[in-house]
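Written below as structure tokens is the structure these notes are about.
For the single chain, residues carry numbers from 1 onward in sequence order.
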Amino acid sequence: METRQQGLLDPEPLTEVDEEMVSEVDLYNTVTDEEREEILSELTKLEEEISTLRQVLASKEKHHSDLKAKLGITPLSELKQNFNRSWYDMQTSTAYKKTSETLSTAGQKTSAAFTTLGTAISRKFGDMRNSPSFKSFEEKVESTVSNIKTKVGSQGGGGSFEEVLSSAAHASAQETPSNNLSESSDHERTC
């Protein structure tokens, strides 16, 4: 078994009577009645001063707003002025200047990269335009346009655009080398 030491702590739990005694003791009540009255009087004076200061402040705020109204300063104009001042302060800050310089440099580098890319693409298009397959395609388009012009001119405007386009496409399809090959292979089969 555990033995307890006697001393400051009582091994017996508190009873209801002990609890009532503890609640009646006011540990913070070290103030005499005379001091208490003095403190209450000072508290009352402070509350009156606070009330007076609030009234004076409200009066001064009203006078302030009246003077602004006479000068034509509205809350909106004040807001604009504050915004403009803040914008100016931000633009003159070192962080803004550094960010602006960084973005400017990034923009220049991006522009240079796009220029290089555009040059490369233009070169590739130039190479592609000179390629045999592009020239063949270009010739087919020119032939089709020529056929359409011929048909439109020979019909004297009698046919619809769709009819002329359809017949030109049919004629162009017959002129392609792949069709000529298939026609010659068909011809060989029949012979």
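- In this structure, Thr99 contributes its side chain and Ala95 its backbone to a donor-acceptor pair below 3.5 Å.
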For residues 43-63, tabulate all N or O donor-acceptor pairs below 3.5 Å that involve a side-chain atom, not counting sequence neighbours.
| unit_1 | atom_1 | unit_2 | atom_2 | d |
| --- | --- | --- | --- | --- |
| Thr44 | OG1 | Leu40 | O | 2.9 |
| Thr52 | OG1 | Glu48 | O | 2.9 |

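- Residues Phe137, Val141 make up the rest of the hydrophobic cluster containing Val145, defined by ILVMFWY side-chain heavy atoms closer than 4.5 Å, directly or through other members.
- Within the hydrophobic cluster formed by Ile, Leu, Val, Met, Phe, Trp and Tyr side chains joined at under 4.5 Å, directly or through other members, Met90 is accompanied by Trp87, Tyr96.
- The number of heavy atoms from other shown groups lying within 6.0 Å of CD (Glu34) does not exceed 12.
- With sequence neighbours left out, the side-chain contact (heavy atoms from CB on, under 4.5 Å) criterion links Thr74 to Leu76, Ser77.
- Other members of the cluster containing Ile73 are Leu71, with ILVMFWY side chains joined at under 4.5 Å, either directly or via other members.
- Counting only distance, with no hydrogens or angles, the side chain of Thr144 and the backbone of Lys140 share a donor-acceptor pair below 3.5 Å.
- Identified under the salt bridge (charged side-chain N to carboxylate O under 4.0 Å, His left out) test for residues 77-93, with sequence neighbours left out: Lys68-Glu78.
- A donor-acceptor contact shorter than 3.5 Å is absent between the side chain of Ser111 and the backbone of Gly107.
- Under the rule for a side-chain contact (heavy atoms from CB on, under 4.5 Å), Ser65 has no partner lying at least two apart in sequence or in another chain.
- Thr119 places a side-chain N or O within donor-acceptor distance of the main-chain N or O of Thr115, the cut-off being under 3.5 Å.
- In this structure, the salt bridge (Lys or Arg N to Asp or Glu O under 4.0 Å) partners of Glu138, at least two apart in sequence or on a different chain, are Arg129.
- Here Phe114 pairs with Thr110, Leu117 under the side-chain contact (heavy atoms from CB on, under 4.5 Å) rule; sequence neighbours left out.
- Annotation for Glu42: atom CD does not count as buried by contact number, only 12 or fewer foreign heavy atoms lying within 6.0 Å.
- Applying the salt bridge (charged side-chain N to carboxylate O under 4.0 Å, His left out) test to every pair with at least one member in residues 95-124, sequence neighbours left out, gives no pairs at all.
- Distance check: Gln81 CD to Ser86 OG gives 10.5 Å after rounding to the nearest 0.5 Å.
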